[in-house]
Amino acid sequence: MDPTPTPTRPPARTRIAPSPTGDPHVGTAYQSLFSYALAHQTGGRFLLRLEDTDQVRFDANSERRIFAALAWVHLLPDEGPEQGGPYAPYRQSERLPIYQAHAEQLIAAGHAYYCFCTPERLAAMRKEQEARKQPPRYDRHCLTLPPTEVQARLTAGERRVVRMLMPDEGVTSFHDVVRGEISFENRLLDDQVLMKSDGFPTYHLAVVVDDHLMGVTDVIRGEEWISSTPKHVLLYRYFGWELPTYAHTPLLLNDDRSKISKRKSPDKTRLEGFRERGFLPEALLNFLALLGWSHPDGQELFSLDEFIRVFSPARLLKAGSVFDMNKLIWMNGQYIRLLTVDELAMRLIPYTTHTAEEVRRVLPVLHDRLRLLSEFDDLAVIFFTEPVYDSALFSSKQFDAPALADHLAAARAWHADQPWPWEKEAWEAGIRQLAEERGFKKAGDLFMLLRVAVTGRKESPPLHDTMLLLGREATLARMDAALGVLRGA
RNA sequence: GGCGCAUUCGUCUAGCGGCCCAGGACGCCGCCCUCUCAAGGCGGAGAUCAGGGGUUCGAAUCCCCUAUGCGCUACCA
């Protein structure tokens, strides 16, 4: 039984390279999903590399949280800062000498140069270019500095960056697995900063050096990186390295079709938020897999293992997709229904104030009513807390309050006479007969009267189930309490 | 502004020249089941395949143009 791509390719080494700057992002799980699947379907490895090169935005807690979030969605890396690996260290901040050496190699080869321009000068230059409606690009002021002056300013310890020297002409193109050939004119490329003045590399240098050194064969990343890819391709060429395979995935979108953002979609960006609200990681993953990709057989519900089996980057779509919370919630309900009572009870523990025993007891009647794990306590409250009656709920078209009280009293007496436990068929027949005797136009109205009396709500699991779960004494006591309200009102 | 990428029901998508006056899923509506709410079952509304030109006997599918959207344009990733 193997209807799917027996990969006829060497093992893939893929990576997710988040920057630890805050809340673990849904995009990280989205990208990881594809990279994880490709690596594992080819017998390769999936690695996590921390791109902590921005000292300004760095957040010390972020790494731990990213790792926990990936663990939660079952996308643990095979190599990374926590579990190590043959290409450690996996934090870029611990690889500074490597980037330094590579930057110097580029300078020596004439593919990069030192730049001493101040932020002020660059800002002024950009402003002027903008005013003249020209594309903002570095004017290469420092490219022509005499070598002796460069040397002198270097020894003086002046602040400087290293810039990449872009070719003046020609075209840089690369093949993208999902979009085909993409080309950029070299003369339009800016002389990118490779090494910042604080000694840290920029993304462009670090990603190329590390992907190569770590043996990454397949780069799967978001579409927002397409524009920078020519710079990366040029770097590979300067270093004389073999290019990885590129696959740029579609973007996750806000409702207004802009790139998904915390500001516009606060409920969709934080991975921890999904966990807090009671989404199952397998449902989130399944949902994410269906954004920008579809199962070859049209299946909507499938496991991570199944996804690994059939995933192919070539089936990735080109257009971005809006994250539809409605469908995710539906899918979560599907996954909840797939779980056994015992499994579900275990999963509910972090979301409930009740004991595992209590959860297991009432779960059978709540199972089909749950969409989010966090909804459990609200649904279960009828079993654990005495109802606070809203007299408006008792209102009936047919009877006034005193009449309802009489009916309820009769029903209460009838229940008290029944041998416990109340047997379903007999109980239901009894209620219907009582409804008829007491002149109810619809038997359903008596059921509703009892429902409100016993649960304090107009919606609940089937009444008989509910009463059995509550027990004889509690059920009768609640009827008495309801009677009090009805007579007082 | 420049460059790049994209464009099938409200949303996620199937489709890779004839099987499509476009199929599925979520949502919505109705019906069934039913003591309520769910779950489940059945059915319905919903897309002139962004627009316009080609190519072809035949185009959602290939080519060109236009429009629109998005992305990038930092010593952020």
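In what follows, chains are A, B, ... by sequence order, proteins preceding strands, each numbered from 1. Values reported hereafter were calculated over all heavy atoms of this structure, with side chains retained and with hydrogens, waters and symmetry mates removed.
If you check every strand for non-hydrogen atoms under 4.0 Å, A:Q334 touches sugar and phosphate atoms only. Nucleic acid contact class of A:S294 (heavy atoms, under 4.0 Å, all strands): sugar-phosphate only. Using a 4.0 Å heavy-atom distance criterion, A:R457 is classed as making no nucleic acid contact. A:R159 comes within contact range of no nucleotide atom at all, as no heavy-atom separation falls under 4.0 Å. Across all strands, A:V322 comes closer than 4.0 Å only to sugar-phosphate atoms, never to a base (heavy-atom distances). Heavy atoms of A:L317 sit under 4.0 angstrom from primed sugar atoms or phosphate atoms, though from no base atom. Among the heavy atoms of the strands, none lies under 4.0 Å from A:P250. Nucleic acid contact for A:T53: sugar-phosphate only, since backbone atoms but no base atoms lie under 4.0 Å from a heavy atom of the residue.
Pairing partner, B:G69: B:C5, with both Watson-Crick or wobble hydrogen-bond distances short of 3.5 Å. Pair check for B:C16 finds none; no Watson-Crick or G-U wobble contact set falls under 3.5 Å. The nucleotide B:G46 finds no pairing partner, because no Watson-Crick or G-U wobble arrangement with both distances shorter than 3.5 Å includes it. Using N1 to N3 plus N6-O4 or O6-N4 for Watson-Crick, or N1-O2 and O6-N3 for G-U wobble, each under 3.5 Å, B:A39 pairs with nothing. The base-pairing partner of B:G10, taking Watson-Crick or G-U wobble contacts with both distances under 3.5 Å, is B:C26. Across all strands shown, B:U56 remains unpaired; no Watson-Crick or G-U wobble contact has both distances below 3.5 Å. The nucleotide B:C33 finds no pairing partner, because no Watson-Crick or G-U wobble arrangement with both distances shorter than 3.5 Å includes it.
Side-chain contact, A:N186 with A:E169: no donor N or O sits under 3.5 Å from an acceptor N or O. Between the side chains of A:Y351 and A:D377, no donor-acceptor pair of N or O atoms lies under 3.5 Å.
A distance of about 48 Å separates the C1' atoms of B:G1 and B:C19, rounded to the whole Å. The separation of B:G44 from B:C5, taken at their C1' atoms, amounts to 38 Å, rounded to a whole angstrom. B:G23 and B:G43 have their P atoms separated by 14 Å, with the value rounded to a whole Å. The gap from the C1' atom of B:A14 to that of B:G2 amounts to 37 Å, rounded to the nearest Å. With both ends at atom C1', the span from B:C35 to B:G30 equals 22 Å, rounded to whole Å. Between B:G52 and B:U13, the two P atoms lie 25 Å apart (nearest whole Å). When the P atom is compared between B:C3 and B:U8, the two are found 25 Å apart, to the nearest whole Å. Comparing B:G15 with B:C20, their P atoms sit 15 Å apart, to the nearest whole Å.
With rounding to whole Å, A:W293 atom CH2 is found 10 Å from B:A14 atom P. Rounded to an integer number of Å, the gap from A:M166 CE to B:G2 P is 21 Å. Rounded to an integer number of Å, the gap from A:L188 CG to B:G2 P is 11 Å. The distance from atom CE of A:M195 to atom P of B:C76 is 12 Å, rounded to the nearest whole Å. Following rounding to the nearest Å, A:E181 (CD) and B:C5 (C1') show an atom-to-atom distance of 15 Å. Between the CZ atom of A:F323 and the P atom of B:C26 there is a distance of 17 Å, given to the nearest Å.
Take the nearest nucleotide of RNA chain B for A:P135 and for A:R315: the residue whose nucleotide is more 5' is A:P135.
For the side chain to side chain contact (heavy atoms under 4.5 Å, CB included) test, residues two or more places apart in sequence or in another chain that qualify with A:A443 are A:R432, A:A435, A:F447. For the ring-ring contact (aromatic ring centres under 6.0 Å, His included) test, residues two or more places apart in sequence or in another chain that qualify with A:F384 are A:H354.
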Spell out protein contact along nucleotides 32-38 of chain B as letters: B when the base is contacted, S when just the sugar-phosphate is, - when no protein heavy atom is under 4.0 Å; keep the 5' to 3' order. ---BBBB
Show the distances under 3.5 angstrom between N or O atoms of the protein and N or O atoms of nucleotides 69-71 of chain B.
residue	atom	partner	partner atom	Å
B:G71	OP1	A:K259	N	3.2
B:G71	N2	A:S227	OG	3.2

Distances for protein N or O near nucleotides 22-24 of chain B N or O, under 3.5 Å:
residue	atom	partner	partner atom	Å
B:G24	N2	A:E300	OE2	3.4

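Classified by interplanar angle (parallel below 30°, tilted 30° to 60°, perpendicular above 60°), the ring pair A:H204/A:H232 is tilted. A:Y203 and A:W225 have parallel rings, their planes meeting at less than 30° on a 0 to 90° scale where 60° marks the start of perpendicular. Below 30°, between 30° and 60°, or above 60°: for A:W293 and A:F302 the angle between ring planes is above 60°, a perpendicular geometry. Ring geometry, A:F399 versus A:H407: the interplanar angle exceeds 60°, so the pair is classed perpendicular (tilted spans 30 to 60°). Taking the six-membered ring where the residue is Trp, A:F311 and A:F307 present tilted rings, their angle falling between 30° and 60°.
Residues A:R347 and A:E282 are paired through a salt bridge, judged by an N-O separation under 4.0 Å between the basic side chain and the carboxylate. Note on A:D139 versus A:R126: no salt bridge recorded, every NZ/NE/NH1/NH2 to OD/OE distance being 4.0 Å or above.
Within the structure, every pair that satisfies the salt bridge (charged side-chain N to carboxylate O under 4.0 Å, His left out) test and touches residues 175-195 of chain A, not counting sequence neighbours, is listed here: A:R140-A:D191, A:R179-A:E223, A:E185-A:R187.
Of the candidates A:D211, A:D210, A:D218, A:D211 is the only one forming a salt bridge (Lys or Arg N to Asp or Glu O under 4.0 Å) with A:R15.
Here A:S321 reaches the OP1 or OP2 of B:U13: one of its side-chain N or O atoms lies under 4.0 Å away.
For the atom pair OG (A:S258) and CG (A:L253), the distance works out to 6.5 Å, reported to the nearest 0.5 Å.
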